[in-house]
Every structure is written in structure tokens, then in C-alpha cells.
Amino acid sequence: MNNDDNYNNNKNNDKPVGLFADKGYAVAPDAVTADATMTKKTIASGEPLKLAVVGHTNTGKTSILRTLLRDIYFGEVKNEAATTRHVEQAQLTDSQTGEVLVALYDTPGLEDASGLMDWLEDNTASRRDGIERLQQFLASDIAQGVDHSDNYDYSQEAKVIRQLLASDMAIYVVDAREPVLGKYKDELAILSWAAIPVMPVFNFTDSQDANIDEWQTMLARRNLHISTRFDSVAFEFEDEMRLWKNLSTMLTHSEMLEQLMQRRTENWAQLSDEANIIIADFLINVAAFVREINDSDDPMPVLAQMQEAVRQSERAMQHNLLNLYKFYDNAVAATPLELQAYQQDPFDPELLKSYGIRTTSGAAAGALLGLGVDAAALGTTLGLGAAIGGIAGGLLSNTSSIADRISGVKRLYIDPATLTLLATRSIDLLTALRHRGHAATDATQLIYKGAKNNSESDENEDDNSVTQWPTHKLPSELKKARGKPQWSSLSSGKSEQAQLLRADMAWSLSAKLQSYNHG
């Protein structure tokens, strides 16, 4: 199968497409050969950068590529050595023009650089330059894996070197938790013979066991003074921009990397805008949710139905955020929703307490049942002094007009405390997604900052709360939604029509939400 066939097969996969929908596919075994060095040209203006990703086994090369590509499907990641057995290519493209800006090559791990260095010292002439010595190795039997007389097999190293010689530059992935050992020094010596710029990239920098200072001292002694940090699990967008910026300083023509940085910065901001629209639309949809019952009816069955509708709506919103940031629910990797914090029932009173949310005295599980003229529409607490207990969960009941009171009609809404909780939890999830690398395989690798031990529950709510706003000060958009039941698909069942009606308010609310999400 050739490269085009591999790419077409990947392109036809039914995977969601986002702003960072770059292409990844395996390179055919004969695609990179020793002859590639004869045709390689120094990168010129307007050409894609060919960037090899190299390093020792199990340092996280594929993991870094997954995070750069925003693609949990790329390559294979396991907690064992030599997972990658062949070269895989991925392309970073301009999301607007489709132009290929960077071709990334994921290479197998260097398993025995010290043994290879011994062979090179014994079998190649020191007076030759590095490229000639590497080419001599590639032409040998041990590079093909066919010389078993002394159990030599450097076929994996040969794949790395072939790709290295065919590339414009390389990043050398370092597991920052590892001590500086002789084998790593030999790897860097061999890489230097390829005569292309090499930049060390420290992975797993969030670990307390990181040895970055020792590594930087060793690298400086080998004239490698430019390095960067890029944690494939604890992701920071600024670290990615610094990676591309540092690479660009090592190139004569860096136009492609400058274009890539500009486009990905724009895309990152656009993702934030879209995510906040998703959250704002969800909140207004819930705030406008209303059900009418007769004054003499038992409200409990209706309350239970409304709670379940809100749960499903929140789950749909969470999945929309996951898909937007290309975290898909599947068996490839754990998703943030596997965290207990995001599975917990939003109507659980203990969850309200963890956020420092307290409900009005006499209410049960955050529910308020009271009487008031236009209280829900105005977003005030008028009439809530008549609240009574015994209603389970997060709903506010008010007569919206004197006519309703006369006719014996009650209107049930989701209460401010629950709306505040839903907003805070949504923004917490968005923040977590923006700091989660696509190599994270454990749900616990996503830091959840929303839960709080409310050990000072008797303190003033404003001092103890971790919410986005006080529960008695809902944003004006949510207050206005109280009087617009037609905005809620949960009320009307008309999803598209309701979404169009609340679109302007969602845009307005999303702008306010931006200030709460500092991710």
C-alpha cells in the first residue's frame, strides 16, 4: 500500500473533524531509504518543514505527536519499550488553505545507541564526516537486520537514521524524569552526525522527579543550547508556541513555522469562542425550561422529569465540548467524563456543598418552592420567603402572573443554585480540557479544580464559594430566559427553533463566560 492509499484510508474514517484535523498515516517501509539523502534539499522558502521526532524508547515521542495533532488515534502508546516499530508521518496543515506546513515523522525508539556507536567506531573511518559514516552503516547487513552472527540487529536504529538524513531538522524527546546516562550521550553524538539542527524537547516536565537542570548542563556541553519543555499530558498552549518559536530560530527560512504559529493561535482562540457558546447555549436552554402544573397537582413527578431532562442536556453539552477538543469517548484513551466529578448528579446536595452553594432555609436539596408575582421572570427573590421543604432537587416554582395565581397554575423552573452549579462545572470542564494533552491515557491525569472541601460551611457564601457568580446574582441573560419558555427545547421539544430564538442571548452570555475561563 502506498502513502496515498494510507492517507485516503485514514481520510475516510468516520472520526469527528475539528479545527486541528491534520493528517496522519504510516510511511511505507520503502518510502525512506538511504537514497533519500541524495535528494534531500535544505528547506527553502515556501517548502513544508520535514521534522523528525527522535529519541530513546518510551520517552513519549508518539505522545507528543498526539498532543500536537490533537489526535488520540495517532500511533500506538503503551507503557513499554519500542512500541513504535516503523516510521509514521503526520502533516500539520493550514486550517484555512489546506497547505501543508510541517511534515512530522514519528520514528522508532533508539534502543542501543551505545552498541551502535561502538560499531561505528570499529567499522567506519573517523576521518570521514558524520553523514558518510551513517551512510556506511545503512549499507551494512546489521542495518538490514540480516547479520545475526553476533546477535547484532540495528534495524530499528537504521529506520531512525534514514528518516533523520531525509529530514530538515529533528526534535530529540527527553523524558525529564530520567537521569543523564551514557546511552543518551551516545544518542546525541549519533544524531549530530546527520548535520541537521536538533532541538531537545523535555517531556513529562510536570513530574516532581524531573531532572531538567542536569540535562541542560549535559546538552550545553554538546552545543545544544536551545531546548524547550512540552508535556504531552499536562498541556499548555504557550509551551507549544514556544516549541515552534524555538525551532524557527534555528532555520534560515522560518516562514512556514511562523504561518503555523499564527494559524494555530487563531484556531485556539476560535475553539475557546465555540466552547463558551456551547456552554452559554446550554445554560440558557436550562434557564428557560418551564413546566406548568395545577396548584393542586403533586409536583414530584414533574420535578423528576425536569431533573432527568437537565441531566441529559448537560451530558450532551459535555460531549460537545469533548468532541470540539477532539477527546472522543472510545476505548483508545480515558476521557475526562470518566472522572467521578463529572458523573455526579447535578441535583446532589453534596455536590452543591462542594461548590460552596447554600440553599434557602426550608428547602431540600437546593429546591425552592415559593409564590411570587413575576419573580422568576425578574430574577429576584420576591416571594421566596414562602419557600417550603420536601421538594427534591434544584427547581424554583413561582406564579408568573396574578392570572396564574387566580387560575391555580404553577410554573416550575430550574433554580438559581442549580444554574450556578451547572455553569461552574461546565467552565471547570472546559478549563481541564484546555490543559489536557492528547497522550493522557488515565482519567485521573486531568486535574479537576471544581471540587472543594467545604469545611467552612458556616462562613459567608461569597467568601467560601468557588462558583462563577453568587447564586443570587445570575447574569442578565439567564434572568431574561426565565420569561422566555419558547427559548428552551426542553420546554417546547422544538430544538432547532428554540436554538435560533436564544442565539443572540447565547452570544452575549458567552462573552461573559470568557472572563471566567482563564485556560
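All values derive from a computational prediction rather than experimental measurement.
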Novice: Got a second to check how far L138's CG is from R133's CZ, nearest 0.5 Å?
Specialist: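 One gets 13.5 Å once the value is rounded to the nearest 0.5 Å.
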
Novice: Is the backbone of E99 close enough, under 3.5 Å, to the side chain of T97 for a donor and an acceptor to pair up by distance?
Specialist: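 The answer is yes, because a donor-acceptor pair under 3.5 Å joins these two groups.
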
Novice: Looking just at side-chain N and O atoms, do S508 and E477 make a donor-acceptor pair shorter than 3.5 Å?
Specialist: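 Yes, a side-chain donor-acceptor pair sits under 3.5 Å.
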
Novice: Check whether W215 reaches the backbone of E178 with its side chain - one donor and one acceptor, N or O, closer than 3.5 Å.
Specialist: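 Side chain of W215 to backbone of E178: a pair is present.
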
Novice: Near D129 CG, under 6.0 Å, is it more than 12 heavy atoms from other residues, nucleotides or ligands?
Specialist: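 More than 12 within 6.0 Å, yes.
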
Novice: Taking NZ, NE, NH1 and NH2 as the nitrogens, is one of them in E258 or K245 under 4.0 Å from a carboxylate oxygen of the other?
Specialist: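 Salt bridge flag = no for K245 with E258.
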
Novice: Under a plain distance cut-off of 3.5 Å, with no hydrogens placed, do S232 and K61 share a side-chain donor-acceptor pair?
Specialist: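 No.
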
Novice: Do S140 and Q136 have side-chain atoms, one donor and one acceptor, less than 3.5 Å apart?
Specialist: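 No donor-acceptor contact under 3.5 Å links the two side chains.
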
Novice: Do the side chains of Q318 and R315 get nearer than 4.5 Å, heavy atoms only?
Specialist: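 Sidechains of Q318 and R315: in contact.
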
Novice: Roughly how far, to the nearest 0.5 Å, is CE of M199 from NE2 of H225?
Specialist: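 Here the rounded value is 15.0 Å.
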
Novice: Does a side chain donor of either R70 or Y325 reach within less than 3.5 Å of an acceptor in the other side chain?
Specialist: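 The answer is no; no qualifying pair exists.
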
Novice: From E266 CD over to Q262 CD, what is the distance, rounded to the nearest 0.5 angstrom?
Specialist: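 Reported to 0.5 Å precision, the distance equals 5.0 Å.
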
Novice: Please report the interatomic distance CG(N276) to CH2(W507), rounded to the nearest 0.5 Å.
Specialist: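 Rounded to the nearest 0.5 Å, the CG-CH2 separation comes out at 10.5 Å.
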
Novice: Can you tell me if S515 uses its side chain to pair, donor with acceptor, with the backbone of A511 under 3.5 Å?
Specialist: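 Checking the backbone N and O of A511 against the side chain of S515, no donor-acceptor pair under 3.5 Å is found.
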
Novice: So, does E111 use its side chain to make a donor-acceptor pair with the main chain of Q156 at under 3.5 Å?
Specialist: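 Absent.
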
Novice: Is there a donor-acceptor pair closer than 3.5 Å between any side-chain N or O of D175 and the backbone N or O of G60?
Specialist: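 The answer is no, because no donor-acceptor pair under 3.5 Å joins these two groups.
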
Novice: Measuring from atom CD of E157 to atom NZ of K159, what distance do you get when rounded to the nearest 0.5 angstrom?
Specialist: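 Between E157 CD and K159 NZ, I get 10.5 Å after rounding to 0.5 Å.
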
Novice: Do E255 and Q259 get their side chains close enough for a donor-acceptor pair, meaning under 3.5 Å?
Specialist: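 Short answer, no.
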
Novice: Once you round to the nearest 0.5 Å, how far does CZ of F137 lie from CD1 of I190?
Specialist: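 The CD1 atom of I190 is 8.0 Å from CZ of F137, to the nearest 0.5 Å.
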
Novice: Between F235 and W268, is a ring-ring contact (aromatic ring centres under 6.0 Å, His included) present by the stated rule, with each step listed?
Specialist: CA-CA 13 Å; F235 173 71; W268 192 245; 5.7 Å; yes

Novice: So, the side chain of N211 versus the backbone of R177: is there a donor-acceptor pair under 3.5 Å, distance only?
Specialist: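 Yes; judged by distance alone, with no hydrogens or angles, the pair exists.
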
Novice: Using atom types as modelled and distance alone, determine if a side-chain donor or acceptor of T265 lies under 3.5 Å from a backbone N or O of M261.
Specialist: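 Judged by distance alone, yes, a pair lies under 3.5 Å.
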
Novice: Hey, is the main chain of L110 close enough, under 3.5 Å, to the side chain of T57 for a donor-acceptor pair?
Specialist: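 Judged by distance alone, no pair lies under 3.5 Å.
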
Novice: Are N285 and S489 close enough that a side-chain donor and a side-chain acceptor fall under 3.5 Å?
Specialist: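 N285 vs S489: donor-acceptor pair found between side chains.
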
Novice: Below 4.0 angstrom, N of the basic side chain to O of the carboxylate: do R263 and D94 qualify?
Specialist: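 Here R263 pairs with D94 in a salt bridge, since their nearest N and O are under 4.0 Å apart.
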
Novice: Side-chain donor-acceptor pair under 3.5 Å between Q89 and D106, yes or no?
Specialist: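 No, no side-chain donor-acceptor contact under 3.5 Å.
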
Novice: So, the side chain of S488 versus the backbone of L490: is there a donor-acceptor pair under 3.5 Å, distance only?
Specialist: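 Present.
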
Novice: May I ask you to say whether R502 pairs ionically with D281, meaning some side-chain N is under 4.0 Å from a carboxylate O?
Specialist: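 Here R502 pairs with D281 in a salt bridge, since their nearest N and O are under 4.0 Å apart.
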
Novice: Between K183 and D186, is there a salt bridge with N-O shorter than 4.0 Å?
Specialist: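 No.
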
Novice: Let me see the working for D168 and K50 under salt bridge (charged side-chain N to carboxylate O under 4.0 Å, His left out), right down to the final yes or no.
Specialist: CA-CA 5 Å; D168 299 305; K50 295 183 287 295; 3.4 Å; yes

Novice: Can you tell me if T205 uses its side chain to pair, donor with acceptor, with the backbone of F202 under 3.5 Å?
Specialist: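 No.
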
